[in-house]
Amino acid sequence: MDKRKMIAEIKQNYLLKRIRAEEECENFISNLKQDKYFADIYTDYYKKNIEYLKSKYEKENLELKNELSQLKSKIDSYLKANHINSAKLTPHYDCPICKDTGMNGGKICACVIKELNKKLSTKSSSQTKFHSFKELNKNLMDDTEQKAYAHIIDWCKKYPEKINKININIVGPAGCGKTFMMECVANELIERGYLVCFKTMFELNELARLYHIGKSYEFSDCMKADVLLIDDLGTEPILKNVTKEYLYNIINTRQINNLVTIISTNLSPDDILDRYDERIFSRLTNKNLCLNIQLNPSDKRIIENKKNKNKNYLI
């Protein structure tokens, strides 16, 4: 899961689209040129257009401009008389802004970023879609929760600049909205083009098991992602020589490499110490590296919509 390779693949696909679009256009024009009348006026128009474009760098040639206008009218009349769509005389690019080059003004075009976001979303999780901060309903949150969301939204906007905490722990009991917040963070960062990996602790545990026995290397993607989100720490079974060892390895390695890891859990610090070991405990409670966000205990998974009593919704 390498973002640079993804962008290279997308740009390569766009190049192929560009070539196909231009070939289709050339073939279409070649077929029209079977008619000598069209071939003559189109060839004349093409040559004079090049002359006119060159003249614009010095002094605009108004005579050439007038000739071009007359030739264009003849071409349009020919196409109209033969019920031919004039748009087919120019290549049909998927992206009219960059003309399928993938670049716009020396920067990666928005079309490539959009395609990259789709790939990142697919790669990041088995889920097909994440929740968004746009879905937040402040009417369902108290002051503490609103401050928590304001804090995490601000963090997302600033990432990766001005980030002094590379571990974020989202803590609270079942049903308080931890997973929703995690998904919102994942969605926000993916939309900004960052490489995100979103796994439940159960999924991560299984990936570690498969990696341990040499049957999968997907676990290594979790090491390399810009941001790793681990949901529901503490719900996984403890596998001998796997769970604690690989959890420590991934947290420790990412901290060393200054990569952000976000974890949701309903475990207290004492619970973490009891369930895992002191090494994991110390890395998840290091105040210099970790930020704790506490969510309130009210169950928000299913709340009656006051506007429509027959509808339930997620905050």
Counting only N and O atoms by type, is there a donor-acceptor contact under 3.5 Å from the side chain of [X] to the main-chain atoms of [Y]?
| X | Y | answer |
| --- | --- | --- |
| Asn82 | Tyr78 | yes |
| Thr200 | Glu203 | yes |
| Asp100 | Asp94 | yes |
| Lys199 | Phe219 | no |
| Asp277 | Leu273 | no |
| Gln70 | Glu67 | no |
| Asn104 | Lys107 | no |
| Asn169 | Leu284 | yes |
| Asp35 | Tyr37 | yes |
| Asn249 | Tyr246 | no |

Report yes if the side chains of [X] and [Y] come closer than 4.5 Å at any heavy-atom pair, otherwise no.
| X | Y | value |
| --- | --- | --- |
| Thr265 | Asp232 | no |
| Leu79 | Leu89 | yes |
| Lys72 | Leu68 | no |
| Met103 | Lys11 | yes |
| Gln146 | Asp142 | no |
| Ile262 | Val227 | yes |
| Ile230 | Phe198 | no |
| Ile166 | Gln255 | yes |

Do other residues, nucleotides or ligands put more than 12 heavy atoms under 6.0 Å from [X] [atom1]?
| X | atom1 | result |
| --- | --- | --- |
| Tyr211 | OH | no |
| Ile97 | CD1 | no |
| Lys99 | NZ | no |
| Lys74 | NZ | no |

N-O pairing of [X] and [Y] below 4.0 Å:
| X | Y | answer |
| --- | --- | --- |
| Glu236 | Arg275 | yes |
| Arg209 | Glu206 | yes |
| Lys158 | Asp154 | yes |

Side-chain donor-acceptor pair under 3.5 Å between [X] and [Y], yes or no?
| X | Y | answer |
| --- | --- | --- |
| Asn205 | Thr243 | yes |
| Ser73 | Asp76 | no |
| Arg283 | Asn252 | yes |
| Tyr93 | Glu22 | yes |
| Asp231 | Ser264 | yes |

With a 4.5 Å cut-off on side-chain heavy-atom distances among I, L, V, M, F, W and Y, is there a chain of contacts connecting [X] to [Y]?
| X | Y | result |
| --- | --- | --- |
| Ile238 | Ile251 | yes |
| Met223 | Tyr248 | yes |
| Val171 | Leu291 | no |
| Leu16 | Ile7 | no |

[atom2] on [Y] to [atom1] on [X], rounded to 0.5 Å:
| X | Y | atom1 | atom2 | answer |
| --- | --- | --- | --- | --- |
| Ile75 | Tyr46 | CD1 | OH | 12.5 Å |
| Leu239 | His212 | CG | NE2 | 9.5 Å |
| Leu228 | Thr253 | CG | OG1 | 11.5 Å |
| Arg254 | Asp226 | CZ | CG | 8.0 Å |
| Asn167 | Lys287 | CG | NZ | 15.5 Å |
| Leu295 | Ile152 | CG | CD1 | 9.5 Å |

* Asked: Step by step, would you call Thr43 with Lys33 a side-chain contact (heavy atoms from CB on, under 4.5 Å)?
  -> CA-CA 9 Å; Thr43 302; Lys33 283 183 176 179; 4.3 Å; yes
Nearest heavy-atom pair of [X] and [Y]: which atoms, and what distance?
| X | Y | answer |
| --- | --- | --- |
| Cys25 | Lys88 | SG-O, 3.7 Å |
| Thr285 | Cys290 | N-SG, 4.2 Å |
| Leu233 | Leu247 | CD1-CD2, 3.8 Å |
| Trp155 | Lys165 | NE1-O, 4.1 Å |
| Arg192 | Tyr159 | NH2-O, 2.7 Å |
| Leu267 | Gly234 | CD1-CA, 3.8 Å |

* Test: Lys17 cationic atom under 6.0 Å from Tyr14 six-membered ring centre, within 45° of axis -> yes
* Asked: Which residue, Ile84, Asn31, Leu32, forms the side chain to side chain contact (heavy atoms under 4.5 Å, CB included) with Phe38?
  -> Leu32
* To do: Tell me, with the steps shown, if Ile263 and Leu229 meet side-chain contact (heavy atoms from CB on, under 4.5 Å).
  => CA-CA 6 Å; Ile263 296 172; Leu229 295 103; over 6 Å; no
* Using the six-membered ring wherever Trp is involved, compare the ring planes of Phe180 and Tyr149 and label them parallel, tilted or perpendicular (cut-offs 30° and 60°). =>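 Judged by the thresholds at 30° and 60°, the geometry between Phe180 and Tyr149 is perpendicular.
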* Asked: Are the aromatic rings of Tyr276 and Phe281 close, with centres under 6.0 Å apart?
  -> no
* Stepwise side-chain hydrogen bond (donor to acceptor under 3.5 Å, both in side chains) check, Ser268 with Asp271 -> CA-CA 5 Å; Ser268 68; Asp271 292 332; 3.0 Å; yes
* Listed by chain and number, what are the ring pair (Phe, Tyr, Trp, His ring centres under 6.0 Å) partners of His92, not counting sequence neighbours? -> none
* To do: Check step by step if salt bridge (Lys or Arg N to Asp or Glu O under 4.0 Å) holds for Asp40 and Lys36.
  => CA-CA 6 Å; Asp40 289 343; Lys36 188 176 183 307; 2.9 Å; yes
* Take Met182 and Cys184, measure what side-chain contact (heavy atoms from CB on, under 4.5 Å) needs, and give me the verdict at the end. => CA-CA 5 Å; Met182 296 273 281; Cys184 290; over 6 Å; no
* To do: Dump the intermediate steps for side-chain contact (heavy atoms from CB on, under 4.5 Å) on Leu195 and Met6, then the final yes or no.
  => CA-CA 10 Å; Leu195 198 57; Met6 288 183 191; 4.0 Å; yes
